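In what follows, a structure is listed as structure tokens, so that the remarks can point back to it.
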Amino acid sequence: MQEHGQNWEDVKSSLIQARSKDIPYEKVLSSMCTYPHPVAVEAYKMFIESNMGDYGLFMGTYELEKNVLAMLGDLLHNSRPYGYLTTGGTESNIQAVRAMRNSCKSIKDPNIIVPASAHFSFDKIADILQIDVRKARVLSDLAVDTKHVLSLIDKNTVGLVGIAGSTEFGQVDPISKLSKIAMDNSIFLHVDAAFGGFVLPFISGHPSFDFSLPGVTSIAIDPHKMGMSTIPSGALLFREEKMMDSLRVDTPYLTISSQCTLTGTRSGASVAGTYAVMRYLGKEGYRQIVDRCMKLTHLLLEQVKKIGVNPVIDPVMNIVALSISEPKKIRKELATQFGWQVSITKHPSSIRLVVMPHMTEENIIAFVQDLKTVLNS
Ligand code: 0PR
């Protein structure tokens, strides 16, 4: 750090230069994030200094958080959820598993069972919480094999995890079956709906995945993905207060006497952003966004099939994985020749495309054209 401060114009020009190196979302098909809704941005700016880590000082923002939880509870069929707004799916998953473990103190060597398709946050969880994370295989449709889940349960199993919208393929595990298994074995069931939580409720005839299933004890849902909110904005919801309480630590010198959150300082601006966009859009607004993304997903599918490329699974939501040989090479070519950002998957290997709200019909058509060029070169 330099000794003397610089003038704002110089600092700003460095910022502009840095910003110009960031890739605009229009060419990004690899991300689960998108431009936040302008209403979320406006609200975020209004609450920029608000710290939910000491919410006794920010009771207004705290009321907004309670409101967001109630709206999320309504979306996920729980009229009285307990929880809080997190920094995203990783924190929500860590806290959900920590609550399972803390609620089973008598089990000395606990384990949980997650689908092999679970997000890498569960590898972090194994390391941080020193808990055995057992991976159950997935079937050919890339949803978890519940028979394998059942066979992995033993006396030290504290809970199961199901995914509603897997990171790589957008698949939904059979959560109703997992719910029954969890109840039969008196263990917890956390649903990672970080992506699908703001998608599935707006797709008619979607599979059950939320608190309407009696075995579901917690859910992760991310407003900063398909919720159109600002980063960082995740949410963790528990069915029962005692699970949330199992996370509580004393905070003697704050305006509040205890905290259940993972981080201390927490962005009140994110809370305001999420509150504002959820109120502004309502279910109708989100339904329109999801409808549009699904239409674009089907357009993408139709276009790639015309050039002889097929999806790994029929897309359940706005994520498409394409069966293409040498996906790493294709990814590189798409980026260097045309500036497209796509990701690749490992098992099975494919090119993965997330059709977020920033995508347009023109861009989908242009992308498929460029993909065709790369495949034929
Ligand atoms: N659970 C699921 C099902 C997820 O897909 C993700 C993230 C998480 C949990 C973790 O969420 P946070 O990253 O909010 O903690 N899925 C994306 C991924 O890892 C996140 C992402 C977003 C990656 C934007 C890249 C990107 O540009 O692929």
Side-chain angles (χ1 to χ4, degrees), residues 21-36 76 84-98 112 114-128 133 135 138 142-144 160-173 175 178 190-200 209-210 218-237 261-263 266-267 270 273-274 293 315-321 331 335 339-347 350-359:
K21 293 180 192 160
D22 292 349
I23 298 172
Y25 272 128
E26 280 72 13
K27 286 258 170 169
V28 177
L29 278 154
S30 60
S31 175
M32 286 184 161
C33 292
T34 189
Y35 293 113
L76 303 172
Y84 75 97
L85 297 195
T86 66
T87 51
T90 301
E91 180 181 344
S92 301
N93 288 340
I94 293 171
Q95 290 283 80
V97 176
R98 185 173 153 227
I112 58 164
V114 310
S117 51
H119 182 255
F120 53 73
S121 47
F122 289 95
D123 297 329
K124 298 181 184 177
I125 286 167
D127 187 32
I128 298 167
V133 175
K135 298 201 173 165
V138 292
L142 305 175
V144 76
L160 310 176
V161 173
I163 314 169
S166 63
T167 308
E168 291 190 314
F169 302 99
Q171 185 54 284
V172 181
D173 289 322
I175 310 290
L178 292 175
H190 173 64
V191 175
D192 181 352
F195 187 75
F198 272 100
V199 180
L200 286 173
F209 73 100
D210 63 17
S218 59
I219 299 180
I221 173 170
D222 279 359
H224 71 200
K225 295 190 168 79
M226 284 294 286
M228 307 298 294
S229 189
T230 46
I231 295 173
S233 191
L236 173 61
L237 278 74
T261 55
L262 183 63
T263 62
R266 244 176 355 116
S267 166
S270 286
T274 300
C293 289
V316 178
M317 43 187 79
N318 46 332
I319 299 179
V320 186
R331 169 165 79 163
W340 293 108
Q341 298 295 316
V342 303
S343 42
I344 51 171
T345 63
K346 263 195 182 158
H347 305 296
S350 74
I351 292 271
R352 165 189 177 261
L353 310 166
V354 190
V355 185
M356 291 301 287
H358 55 254
M359 268 301 131

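In listed order, ligands and their atoms are each counted from 1. Here the structure is a predicted model, which is why all the values come from computation and not from measurement.
Only one option out of Glu168, Arg331, Arg352 pairs with Ser343 in a side-chain hydrogen bond (donor to acceptor under 3.5 Å, both in side chains); it is Arg352. A side-chain hydrogen bond (donor to acceptor under 3.5 Å, both in side chains) with Thr34 holds for exactly one of His358, His224, Lys225; it is His358.
Each of the atoms 3 (C) of ligand 1 lies under 4.0 Å from some heavy atom of Gly165. Near Gly88, with a cut-off below 4.0 Å to any heavy atom, the atoms of ligand 1 are 14 (O), 15 (O). Listed by number with element, the atoms of ligand 1 under 4.0 angstrom from any heavy atom of Ala194 are 1 (N), 2 (C), 9 (C). Interface atoms of ligand 1 facing Phe120, defined by a heavy-atom separation under 4.0 Å, are 19 (O).
Here Ser121 contributes atom OG and Asp192 contributes atom CG; the two are 6.0 Å apart, rounded to the nearest 0.5 Å.
You'll find the side chain of Leu160 stays beyond 4.5 Å of the side chain of Ile112, heavy atoms only. Gln171 places none of its side-chain heavy atoms less than 4.5 Å from the side chain of Val144. At least one side-chain heavy atom of Thr167 sits less than 4.5 Å from a side-chain heavy atom of Met32. You'll find the side chain of Val28 stays beyond 4.5 Å of the side chain of Trp340, heavy atoms only. Proximity of Gln341 to Tyr25: side-chain heavy atoms (C-beta onward) are nowhere separated by under 4.5 Å.
The shortest separation from a heavy atom of Gly234 to ligand 1 is not under 4.0 Å, leaving the residue out of contact.
Considering only non-hydrogen protein atoms, atom 11 (O) of ligand 1 sits nearest to Lys225 NZ, 2.9 Å. The nearest heavy-atom contact from the protein to atom 1 (N) of ligand 1 is Asp192 OD2, 2.7 Å.
Residue Phe195 has no N or O atom closer than 3.5 Å to an N or O atom of ligand 1. The shortest N/O to N/O separation between Thr90 and ligand 1 falls below 3.5 Å. Looking at ligand 1, you'll find an N or O of Ser31 within less than 3.5 Å of one of its N or O atoms.
The residue among Thr34, Asp222, Thr167, Thr86 with a heavy atom at the shortest distance from atom 3 (C) of ligand 1 is Thr167. Considering each of Arg352, Glu168, His119, the one bringing a non-hydrogen atom nearest atom 8 (C) of ligand 1 is His119. Taking all heavy atoms of Met32, Glu91, His224 into account, the minimum distance to atom 14 (O) of ligand 1 is reached by His224.
If you look at Asn93 next to ligand 1, the close heavy atoms, those under 4.0 Å, all belong to the side chain.
Annotation for Ala164 and Val172: closest pair CA-CG1, 4.0 Å, computed over non-hydrogen atoms.
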